[in-house]
Amino acid sequence: MTSPSPIAVVVGAGGGVGGALMGRLLDAGRYTAVVGVARRRPDDWPDRPDAVFVQADVTQEAEVAGLAEAVGDVGRPTRVIVATGLLHAEGVTPEKSMRAIDPEAMQRLFAVNAIAPALIAKHLLPLAPRDAPSLFAALSARVGSISDNRLGGWYGYRASKAALNQLIRTLAIEQRRTHPQAICVALHPGTVQTRLSAPFGQGAVATARRLTPDHSAKALLDVMDGLTPADTGGFFAWDGQPIGW
């Protein structure tokens, strides 16, 4: 009986960074297939047999369980990247002060930024090979670092990303007990020119500091490729520099 083929999975493939990660992983030719996951199929989805689309709302555990089944049918995931995230939406906006804290908005932020990646890990990490290298990475944010918080504000987003960082650290500890070659990390993609960051930091200087989605994707993949099992449980920026918790 032959082992399942190694594949990569990008959750959030409909977003700017997620779509760029999909494209680069496909072009690299290192996997027999790259599975992209989103709530709806992007209009520009690649027309090629190794690009597999799975529709799922990853805030719903039943759909994440279905995603894991679909991924298992394609192959064995040796790289899983969670590129989802919520900063603003209708009824959700970064708080400038404690007076703006809203419990419903905070619940939505935690559902997308922390609980969903935890559910993905719960259902996909067991599919990783025990006798080969594997990587699970979730896109976090520098503002989720408690030690780096000097400006305050953005309560819900900061707290949900800090929760994600703790979840990644805890997942890494458990995963390495059974998968000694596995790596679980949180990654900061930089400030990227996407819908998530569009309403913030306007102006020529702020725009010049932003990365394109493709630039961020290339940098993130370079960072991932340079990690070893000794780095599991860590938090790294797009330029490879570790970020304090």
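Here the structure is a predicted model, which means the values were calculated and not measured.
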message: Assess the residue pair R142 and I243 against the criterion (side chain to side chain contact (heavy atoms under 4.5 Å, CB included)); give the C-alpha distance rounded to whole Å, side-chain angles, the decisive distance to 0.1 Å, and a yes or no.
response: CA-CA 7 Å; R142 187 180 293 274; I243 300 175; 3.9 Å; yes
task: Check the pair R24, D222 against salt bridge (Lys or Arg N to Asp or Glu O under 4.0 Å), reporting the backbone distance first and the verdict last.
output: CA-CA 11 Å; R24 285 197 165 269; D222 287 344; over 6 Å; no
- request: Go through the steps to decide whether V192 and W238 satisfy the test side chain to side chain contact (heavy atoms under 4.5 Å, CB included), and finish with yes or no.
  value: CA-CA 11 Å; V192 189; W238 62 275; over 6 Å; no
query: Can L26 and V34 be said to form a side chain to side chain contact (heavy atoms under 4.5 Å, CB included), step by step?
result: CA-CA 6 Å; L26 285 167; V34 180; 3.7 Å; yes
task: Take V71 and I7 through the side chain to side chain contact (heavy atoms under 4.5 Å, CB included) test and state the conclusion after the steps.
output: CA-CA 9 Å; V71 167; I7 65 171; 3.7 Å; yes
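Remark: the backbone N or O of Y155 is paired with a side-chain donor or acceptor of E95 at under 3.5 angstrom. The backbone N or O of P6 sits less than 3.5 Å from a side-chain atom of T32, completing a donor-acceptor pair. In this structure a side-chain-to-backbone donor-acceptor pair under 3.5 Å is missing from N113 to K161. H179 contributes no side-chain N or O that, together with a main-chain N or O of S134, makes up a donor-acceptor pair within less than 3.5 Å. The main-chain N or O of A172 is never found under 3.5 Å from a side-chain atom of T232 such that the two would form a donor-acceptor pair. E61 places no side-chain N or O within 3.5 Å of a backbone atom of L119 that could act as its donor or acceptor partner. Within the 3.5 Å criterion, the main-chain N or O of Q55 finds no donor-acceptor partner in the side chain of R40. With R158 contributing its side chain and G152 its backbone, the two residues share a donor-acceptor pair below 3.5 Å.
The distance from atom NE2 of H88 to atom CG of L109, rounded to the nearest 0.5 Å, is 11.0 Å. Annotation: the span from T228 atom OG1 to I183 atom CD1 amounts to 6.0 Å, rounded to 0.5 Å. L25 contributes atom CG, which lies 10.5 Å from atom CG of D50 (distance to the nearest 0.5 angstrom). Annotation: the span from L211 atom CG to K218 atom NZ amounts to 12.0 Å, rounded to 0.5 Å. How far CG of L125 is from CD of Q175: 4.5 Å, rounded to the nearest 0.5 Å. A distance of 10.0 Å separates CG in L221 from CG in L135, rounded to the nearest 0.5 Å.
No continuous path of ILVMFWY side-chain contacts below 4.5 Å connects V112 to V9, so the two sit in separate hydrophobic clusters. Residues V37 and V82 share a single hydrophobic cluster, defined by chaining ILVMFWY side chains whose heavy atoms lie under 4.5 Å apart. Residues I168 and V11 share a single hydrophobic cluster, defined by chaining ILVMFWY side chains whose heavy atoms lie under 4.5 Å apart. Cluster membership for I81 and I120, using ILVMFWY side-chain heavy atoms within less than 4.5 angstrom, is not shared. In terms of hydrophobic clustering, with Ile, Leu, Val, Met, Phe, Trp and Tyr side chains grouped at heavy-atom distances under 4.5 Å, L139 and F136 are assigned to different clusters.
Using the six-membered ring where Trp is involved, W245 and F235 have ring planes that are parallel, under 30° apart on the 30 and 60° scheme.
Counting all heavy atoms, side chain and backbone alike, A13 lies closest to G36 at CB-CA, 3.8 Å. Of all heavy-atom pairs between V52 and W45, the closest is O-CZ2, 3.6 Å. Contact between V223 and A237 at its shortest, heavy atoms only, is CG2-O, 3.8 Å. P189 and S216 make their closest contact through O-OG, 2.8 Å (heavy atoms, listed as atom of the first residue, atom of the second, distance). Across all their heavy atoms, P94 and L87 have their closest contact at CG-CD1, 3.6 Å. In this structure, R108 and A89 approach most closely via the heavy-atom pair NH2-CB, 3.7 Å.
Applying the side chain to side chain donor-acceptor pair (under 3.5 Å) rule to R39 yields the partners D57; only residues at least two apart in sequence or on another chain are considered. Every residue two or more places apart in sequence or in another chain that forms a side chain to side chain donor-acceptor pair (under 3.5 Å) with S145 is listed here: S147.
Under the 4.5 Å side-chain criterion, counting only non-hydrogen atoms from C-beta, E174 is not in contact with T170. Using a 4.5 Å heavy-atom threshold, the side chains of F110 and S160 count as touching. Looking at heavy atoms from C-beta onward, Q181 lies in side-chain contact with P133 at the 4.5 angstrom threshold.
Within a 6.0 Å sphere centred on CD1 of I101, other residues, nucleotides and ligands contribute more than 12 heavy atoms.
Ion pairing between a basic and an acidic side chain is recognised when a charged N comes within 4.0 Å of a carboxylate O; R79 and D225 show such pairing.
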